[in-house]
Amino acid sequence: MNKIVNYCKACYDELAHKTTWPTRAELTHSAVVVLSASLIIALVVFGMDLVFENLMKFVYPG
């Protein structure tokens with residue numbers, strides 16, 4: 001039981017005192033970058049899907 005308590009105390013100490021948390025501006029910037037990259041990748045995949053769909057319709061008409 002003592003090991004578990006020591007482990008929990010060490011985890012709290014690590015999270016509360018040793019971890020560097022991002023500022024609100026850094027977090028917002030990172031979120032915008034991830035959102036933009038996700039949107040770009042989604043648009044590329046959508047474009048590839050349209051190209052392959054039309055290619056398959058051309059190869060296999062009907």
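We use all heavy atoms of the structure for the numbers below, so side chains are in, but hydrogens, waters and symmetry mates are not.
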Test side-chain contact (heavy atoms from CB on, under 4.5 Å) applied to K3 - qualifying residues, sequence neighbours left out: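 None.
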
Under the side-chain contact (heavy atoms from CB on, under 4.5 Å) test, residues paired with P61 that sit two or more places apart: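 side-chain contact (heavy atoms from CB on, under 4.5 Å) check on P61 returns nothing, list empty.
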
Where at least one partner belongs to residues 42-54, residue pairs that pass side-chain hydrogen bond (donor to acceptor under 3.5 Å, both in side chains), sequence neighbours excluded: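 Applying side-chain hydrogen bond (donor to acceptor under 3.5 Å, both in side chains) to every pair that reaches into residues 42-54, excluding sequence neighbours, yields E53-K57.
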
Compile the donor-acceptor pairs under 3.5 Å between side chains in residues 33-48 and protein atoms, sequence neighbours left out, one pair per line.
residue : atom : partner : partner atom : Å
S36     : OG   : V32     : O            : 2.8
S38     : OG   : V34     : O            : 2.9

Other cluster members, Y12 - Ile/Leu/Val/Met/Phe/Trp/Tyr, side-chain contacts below 4.5 Å: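 Direct or chained contacts put Y12 with none.
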
Linked hydrophobic residues, W21 as query - side chain contacts closer than 4.5 Å: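 L15, which link up through side-chain heavy atoms under 4.5 Å apart, make up the rest of the cluster.
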
Of all pairs that satisfy salt bridge (Lys or Arg N to Asp or Glu O under 4.0 Å), the ones with a partner from residues 28-43, not counting sequence neighbours: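 Applying salt bridge (Lys or Arg N to Asp or Glu O under 4.0 Å) to every pair that reaches into residues 28-43, excluding sequence neighbours, yields nothing.
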
Pairs involving residues 16-33, ordered by first then second residue, that meet salt bridge (Lys or Arg N to Asp or Glu O under 4.0 Å) (sequence neighbours left out):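 Passing the test, one end in residues 16-33: D13-K18.
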
Pairwise distance OH(Y7) to CG(N2) - rounded to 0.5 angstrom: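 CG of N2 is found 15.5 Å from OH of Y7.
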
For K9, salt bridge (Lys or Arg N to Asp or Glu O under 4.0 Å) partners two or more places apart: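 K9 satisfies salt bridge (Lys or Arg N to Asp or Glu O under 4.0 Å) with no residue once adjacent residues are dropped.
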
